Amino acid sequence: MLKLSSNPRNIALVESFVEKAVSKYEINPDVYGNILITLTEAVNNAIIHGNSNDESKTVQIQLRKQEGCLAVRVTDEGCGFDPNNLPDPTAPENLMQVGGRGVFLMHQLSDMLLFHNNGSTVEMRFNL
């Protein structure tokens with residue numbers, strides 16, 4: 001488990017955390033990039049949107065290997081959000097918008113994406 005204060009600079013710690021997991025669980029290097037991108041997006045969202053950059057709040061990252069997959073959970077201390085009520089970043093009217101692509105990327109790059117605790121926890125699963 002990795003616990004970070006909600007400072008955007010801490011996102012840099014995600015890469016070494018993923019590298020250790022890839023080595024520990026002998027994960028195919030082809031999956032590494034997908035894990036790194038989705039986890040970085042999830043932590044970024046948790047810090048900025050979930051915890052509103054409040055450094056007194058933390059973001060927790062948990063990894064666990066299950067049968068045939070790696071499950072990665074990111075939990076913030078925010079009140080959550082409705083993941084079913086997000087604008088489609090691929091819609092023409094949203095193409096030039098600055099935000100709104102993180103959850104879309106997580107959907108595209110993970111094999112399963114689940115939200116828990118009113119959206120304050122996201123779980124991404126990667127087939128191994």
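Keep in mind the model is a prediction, meaning the values are calculated, not measured.
At least one donor-acceptor pair under 3.5 Å links the side chain of N51 to the backbone N or O of E77. Checked by atom type and distance alone, the side chain of N10 pairs as donor or acceptor with a backbone atom of S5 at under 3.5 Å. Of the possible donor and acceptor atoms, none in the side chain of S23 sits under 3.5 Å from a partner among the backbone N and O of E19.
Listed here is the closest heavy atom pair of N53 and P8: OD1-CG, 3.5 Å. Residues D54 and S6 share a closest heavy-atom pair of O-CB, 3.2 Å. Shown here for G78 and D76, the closest heavy-atom pair between the two residues is N-OD1, 2.8 Å. Nearest approach of S110 to L113, heavy atoms of both residues: OG-CB, 4.0 Å. Among all heavy-atom pairs drawn from A21 and I27, the shortest one is O-CD1, 3.9 Å.
The shortest side-chain heavy-atom distance between R73 and R64 falls under the 4.5 Å cut-off. Looking at C69 and F126, their side chains never come closer than 4.5 Å, going by heavy atoms from C-beta outward. At a threshold of 4.5 Å between non-hydrogen side-chain atoms, the residues V43 and L4 count as touching.
Taking hydrophobic clusters as Ile, Leu, Val, Met, Phe, Trp and Tyr residues chained together by side-chain heavy-atom distances below 4.5 Å, M106 does not share a cluster with M112. By the rule that hydrophobic residues join a cluster once side-chain heavy atoms approach within less than 4.5 Å of another member, L105 and I35 end up as members of separate clusters. By the rule that hydrophobic residues join a cluster once side-chain heavy atoms approach within less than 4.5 Å of another member, F17 and I11 end up as members of one cluster. Y25 and I37 fall into different hydrophobic clusters, defined by Ile, Leu, Val, Met, Phe, Trp and Tyr side-chain heavy atoms under 4.5 Å apart, directly or through other members. Hydrophobic cluster membership is shared by V72 and L128, with clusters built from Ile, Leu, Val, Met, Phe, Trp and Tyr side chains linked at under 4.5 angstrom.
Atom CD of Q66 is surrounded by more than 12 heavy atoms from other residues, nucleotides or ligands within 6.0 Å.
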Evaluate the criterion side-chain contact (heavy atoms from CB on, under 4.5 Å) for residue pair L2 and Q60; output intermediate values, then yes/no. CA-CA 6 Å; L2 179 63; Q60 290 186 31; over 6 Å; no

Output, in order, the C-alpha distance, side-chain angles, deciding distance and verdict of side-chain contact (heavy atoms from CB on, under 4.5 Å) for L86 and F81. CA-CA 9 Å; L86 294 173; F81 73 107; 3.9 Å; yes

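Rounding to the nearest 0.5 Å gives a distance of 8.5 Å between CG of L13 and CD1 of I61.
A donor atom on one side chain and an acceptor atom on the other are found under 3.5 Å apart for E55 and N7.
Of the residues L39, N44, N45, T121, the one that meets the side-chain contact (heavy atoms from CB on, under 4.5 Å) test with V74 is L39. Applying the side-chain contact (heavy atoms from CB on, under 4.5 Å) test between M124 and each of L109, T38, L70, D111 identifies T38 as the sole match.
Scored by the salt bridge (Lys or Arg N to Asp or Glu O under 4.0 Å) test, E41 finds no partners at all (sequence neighbours excluded).
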